[in-house]
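Worksheet for the structure shown next.
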2 protein chains.
Amino acid sequence: MYAQIKTKLAAKGLKVTMQRVAVYEALLNSKEHPSAEKIISVVSEKYPGISTGTIYKSLETLVDKNLVMKIKNDGDKMRYDAFIDSHHHIYIENSDKIIDYHDDELNELLDNYFAKKNIPNIQIENIRLEIIGKYI
Amino acid sequence: MYAQIKTKLAAKGLKVTMQRVAVYEALLNSKEHPSAEKIISVVSEKYPGISTGTIYKSLETLVDKNLVMKIKNDGDKMRYDAFIDSHHHIYIENSDKIIDYHDDELNELLDNYFAKKNIPNIQIENIRLEIIGKYI
DNA sequence: CTGCTTGCAAATGATTTGCAGGAAA
DNA sequence: TTTCCTGCAAATCATTTGCAAGCAG
């Protein structure tokens with residue numbers, strides 16, 4: 001795990017510091033799309049004394065280098081996701097849960113649809129679904 | 001215009017104040033999904049002296065009553081949209097533009113798709129596309 | 001070495017809140 | 001009248017920033 005993280009950071013020209021490794025590792029280990037606050041608490045257990053400013057800086061660096069993506073919800077905090085391949089999110093109503101949804105068949109369907117139906121003056125780069133749902 | 005707004009507010013049990021009317025009117029007149037800041041500047045021209053706190057409160061009230069929806073973007077400010085029928089948004093890369101995208105054919109396609117393919121334990125309430133694109 | 005990173009604490013800035021006075025129903 | 005709403009200014013709180021000291025390359 002550490003070796004892979006180190007390689008990825010180095011490949012982007014970033015210095016490999018324990019703070020960055022800890023942040024990236026915390027994200028890779030979480031399927032919950034944690035907020036910065038959550039990451040701070042997870043990382044602090046392992047490395048007490050790490051400062052919040054540093055975690056924010058690490059997160060921003062990782063986002064800039066496309067190792068991590070930022071996702072927003074209706075609340076006021078950003079959430080982070082270390083899985084950057086194209087996927088969709090299911091927002092569970094009345095909760096702060098955000099669930100990943102991978103569906104290649106759907107992606108193909110959408111690609112085909114927009115290949116035919118083009119939107120004037122716009123070139124589509126990416127499509128993400130926000131599925132709003134609730135538990136049955 | 002005023003009559004319709006008044007009716008809608010009253011139908012939700014809200015008192016019809018000039019501040020609320022002004023905020024709602026500003027949103028109905030804008031296709032730009034304005035931020036609170038933008039709404040404040042538009043409303044202030046017509047009604048100088050209106051306070052920012054009141055505008056935030058009006059926006060929240062309208063959102064609570066489902067007359068307006070909040071939309072998120074990658075920046076730090078919320079944006080607001082008075083058109084609450086189901087539609088999608090095109091986010092223009094490297095700009096703060098958000099363009100509405102209505103497409104009944106697409107909606108039908110998605111409805112059919114998810115009617116067949118159901119997601120375990122989840123009941124879908126709504127689907128919104130975030131289309132990321134750029135001007136050609 | 002030396003330039004990128006960290007820690008710290010202060011700053012920022014959008015949004016919220018408490019409360020007294022005001023206006024809609 | 002009575003309840004809801006507004007204005008104001010202070011408070012919040014996530015995130016950012018400036019800078020001296022530290023560490024990776």
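A, B, ... follow the sequence lines: proteins, then strands. Residue 1 opens every chain.
- Nucleotide D:dC5 holds its C1' atom 13 Å from the CG atom of B:L9, rounded to whole Å.
- Grouping the Ile, Leu, Val, Met, Phe, Trp and Tyr side chains by contacts below 4.5 angstrom, directly or via other members, places B:Y2 with B:V43.
- Rounded to whole Å, atom C1' of D:dA14 lies 14 Å from atom CD1 of A:I55.
- Note on residues 79-104 of chain B: pairs passing salt bridge (Lys or Arg N to Asp or Glu O under 4.0 Å), not counting sequence neighbours, are A:K117-B:D103.
- When rounded to the nearest whole Å, the span between CZ of B:R20 and P of D:dC4 equals 11 Å.
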Scan the side chains in residues 56-71 of chain B for donor-acceptor partners under 3.5 Å anywhere in the protein, sequence neighbours excluded, and list what turns up.
| from | atom 1 | to | atom 2 | distance (Å) |
| --- | --- | --- | --- | --- |
| B:S58 | OG | B:T54 | O | 2.9 |
| B:T61 | OG1 | B:K57 | O | 2.8 |

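- For residues 7-23 of chain A, no pair satisfies salt bridge (Lys or Arg N to Asp or Glu O under 4.0 Å), with sequence neighbours left out.
- Applying the ring pair (Phe, Tyr, Trp, His ring centres under 6.0 Å) criterion to A:H89, with sequence neighbours excluded, gives A:H33, A:H87.
- If one axis is set at each end of the helix from C:dC1-D:dG25 to C:dA25-D:dT1 from five pairs, those axes are 40° apart, to 10°.
- Atom CD1 of B:I50 and atom P of D:dA9 are 16 Å apart (whole Å).
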When the side chains of residues 22-31 of chain A are checked against the rest of the protein, which donor-acceptor pairs come out under 3.5 Å, sequence neighbours left out?
| from | atom 1 | to | atom 2 | distance (Å) |
| --- | --- | --- | --- | --- |
| A:E25 | OE1 | A:K46 | NZ | 3.3 |
| A:N29 | ND2 | A:E25 | O | 3.3 |
| A:S30 | OG | A:E32 | N | 3.0 |

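- When rounded to the nearest whole Å, the span between CG of A:D64 and C1' of D:dT16 equals 14 Å.
- Contact annotation: A:Q19 side-chain N/O to C:dG7 OP1/OP2 distance is under 4.0 Å.
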Nucleotides 15-25 of chain C: protein proximity per nucleotide (B base, S sugar-phosphate only, - neither; heavy atom, under 4.0 Å)
BBBBB----BS
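- Applying the ring pair (Phe, Tyr, Trp, His ring centres under 6.0 Å) test to pairs two or more places apart or on separate chains, none has a residue in residues 63-86 of chain B.
- For residues 125-136 of chain B, every residue pair satisfying the salt bridge (Lys or Arg N to Asp or Glu O under 4.0 Å) rule, not counting sequence neighbours, is listed here: A:E125-B:K134, A:R128-B:E130, A:E130-B:R128, A:K134-B:E125.
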